[in-house]
Every structure is written in structure tokens, then in C-alpha cells.
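What follows is a set of notes on a single structure, which appears directly below.
When a ligand or atom number is given, it counts from 1 through the structure's own listing order. Numbering of residues begins at 1 and proceeds along the displayed sequence.
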Amino acid sequence: MFPQLSTYCQAHGYPGFELKTIMFDMDGVLFNSMPNHARAWHRAMAFYGLDLPEDEAYMHEGRTGFGTINIVTQRQFGRSADQAECDKIYKKKSEFFNQYPTAERMTGAYETVKAVKEAGVTPTIVTGSGTASLLGRIEQNYPNLFCHEWMVAARDVKFGKPNPEPYLMGMQKAGGLTPRQTMVVENAPLGVEAGVAAGCFVIAVNTGPLPDSVLLDQGANLLFHSMTDLSENIASIIYEANHLNL
Ligand code: MG
């Protein structure tokens, strides 16, 4: 049903999966927070004379704030942004973001995470986001589902996505797991890139305005168009992954 599972194992020389954890990205996967982030980025940049269209903000999702600001400053002014500029733009972005109503749980995400746990696989979170308000709402929206000890957030990482660091750290925190013991669920091109670079099987969920091709081009192994779609398939994916006959 999911030939991508054996294709992945064969490509990596694995005899099969031994799934122990599924690492979920947060923004655009667990919470529908990306429209607010994109809007806040666009407005904060415009406030300081920089142009970052909302749709383009989705392409930068997962990058550190400083990384995004630097790319736009380079493009527009032909120079790097300095620390003071980064600080003020990022502060403005956070101000706008915090003015918006808190993002809702992504439809279908609770059912997905619950199905993972019921299949005997531990769900955890690997996010580049430092959004304290969302991190604080995890237990409220996903009670007793996630392993908090294995979680990776912005404060834990130095490079952030698309560097594989956050996912490698997630495997490390989970007791030194290998890629065949993990899967990644991501909505952003840079997040998919990070998961693939970490060697993991990456399930892309296209919850935003970008074409599927940007996620597939980064090497996503499977793609769904909503968390509801994924929730209806995740149990089969896990079962099939753990029973591959290679
Ligand atoms: Mg995301």
C-alpha cells in the first residue's frame, strides 16, 4: 500500500523499520499557526522597508528569524543584516504575531498523534519555533500524548532547519535512535530538507499555499494534503513499516 517504505529502506540498506518514535514539527502540523507567522513576517518586514510576500514566508518556515531577515536584507540592500537590525525586526514580528488570536489545533492532528501512540510508537516534537505560547499549549491540546523529555525546541539548537541538527538531536534525546527507528512529519520545505538530511523517512503534509513539488523536491518520502488525510493512514503506515518483507 505504501511502496515508499521499502524504497526508502532499500536506498539506505536497511532490513526494515523498527519504529520507536515519530517526530512532529509544530507550526503548520500540530497548530494552524502558519498564516499568523506569514502575516506577521510580512508586516514586520514592511514596517522596516523590506519586502517579504506572505507566500514567500512559507518558503522560509523553519529557518531561524535571523536567517530569514538576513536573506531579505541581502536581496534588497546587497549586504548582511546586523544584529541590531535583526533584533528589532524580529521583535516587531513577535509583536504582530502576538496580536493575532492564538492558532487553533490543526484539524486531524490530534487523531494522528493518538493513533501513533496507540500503535506503540512514541510521539514527540521537533520544532524550530520558540513560540512559548504554543509550546505551553501542547498539553492542553494534546493531553498525555507527547514525550516531553525527547522534545527539541528553538532553545536547544544552534543552526536550526534546514540543518539536520534538530532531528539528529531528537534521535539523540530519544536515547540514541537510528533513522530506521524514527519518522518525521513536516509541512515546510526546509523542515523536509532537515529530516531527509538527518536520514529519516519524511512524511510531508502540505497544509499551506505552496505547491506539492517544493516538498517532494526536498525529498519527502510520502505526501498528504491534510492532517486528516494522514490520520486516516498513519496506523497502516506504521504497521506496514514494521512488517516489511525485504
Ligand atoms: Mg512547520
Side-chain angles (χ1 to χ4, degrees), residues 22-42 52 54-65 67-68 71 93-94 97 100 102-110 112-113 116 123-135 137-138 141-142 146 151-157 159-170 182-198 200-231 234:
I22 295 187
M23 301 186 277
F24 288 85
D25 172 52
M26 186 170 73
D27 289 286
V29 169
L30 299 177
F31 291 101
N32 190 18
S33 46
M34 274 313 293
N36 288 351
H37 278 297
R39 206 168 306 136
W41 267 122
H42 170 72
L52 176 67
E54 279 185 38
D55 274 12
E56 191 197 329
Y58 284 85
M59 289 297 294
H60 295 293
E61 186 195 341
R63 220 186 274 292
T64 62
T68 304
I71 285 171
K93 185 255 167 179
S94 303
F97 184 81
Y100 303 138
T102 318
E104 298 293 314
R105 188 169 71 191
M106 189 69 85
T107 306
Y110 176 83
T112 304
V113 179
V116 168
T124 188
I125 299 174
V126 173
T127 174
S129 181
T131 315
S133 59
L134 285 189
L135 287 168
R137 290 174 68 229
I138 292 287
N141 282 273
Y142 297 91
F146 285 107
M151 238 170 90
V152 175
R155 62 177 177 274
D156 299 308
V157 298
F159 304 108
K161 302 168 187 175
N163 193 288
E165 178 200 29
Y167 284 113
L168 293 174
M169 192 176 285
T182 70
M183 279 188 186
V184 165
V185 179
E186 264 289 352
N187 70 305
L190 297 177
V192 170
E193 191 181 340
V196 170
C200 299
F201 185 94
V202 179
I203 302 172
V205 186
N206 193 0
T207 60
L210 300 174
D212 291 347
S213 59
V214 299
L215 298 168
L216 295 169
D217 288 349
Q218 294 299 344
N221 300 93
L222 267 178
L223 185 137
F224 293 93
H225 289 110
S226 68
M227 288 302 281
T228 303
D229 270 3
L230 178 58
S231 73
I234 191 68

> Do Val185 and Thr112 come within less than 4.5 Å of each other through their side chains, counting heavy atoms only?
Replying inline: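 No. Closest side-chain heavy atoms not under 4.5 Å.
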Which donor-acceptor pairs under 3.5 Å do the side chains of residues 209-220 make with protein atoms, sequence neighbours left out?
from: Asp212; atom 1: OD1; to: Asn206; atom 2: ND2; distance (Å): 2.7
from: Asp212; atom 1: OD1; to: His225; atom 2: NE2; distance (Å): 3.3
from: Asp212; atom 1: OD2; to: His225; atom 2: NE2; distance (Å): 2.7

>> Is the ring pair Tyr142/Phe31 parallel, tilted or perpendicular, if the boundaries are 30 and 60 degrees?
In response: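 The rings of Tyr142 and Phe31 stand perpendicular, inter-plane angle above 60°.
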>> Run the side chain to side chain donor-acceptor pair (under 3.5 Å) test against Arg39 and tell me which residues pass, sequence neighbours left out.
In response: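 Applying side chain to side chain donor-acceptor pair (under 3.5 Å) to Arg39 gives none.
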>> Tell me if a side-chain donor or acceptor on Glu193 pairs with a main-chain N or O of Pro162 at a distance below 3.5 Å.
In response: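 No; zero donor-acceptor contacts below 3.5 Å.
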> Near the Mg ion (ligand 1), meaning under 2.8 Å, how many protein N/O/S atoms are there?
Replying inline: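 Every protein N, O or S atom under 2.8 Å from the Mg ion (ligand 1) counted, the figure is 4.
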>> Test of understanding: with ring pair (Phe, Tyr, Trp, His ring centres under 6.0 Å), list the residues that count as partners of Phe201, not counting sequence neighbours.
In response: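 For Phe201 the ring pair (Phe, Tyr, Trp, His ring centres under 6.0 Å) partners, ignoring immediate neighbours, are Tyr8, Phe17.
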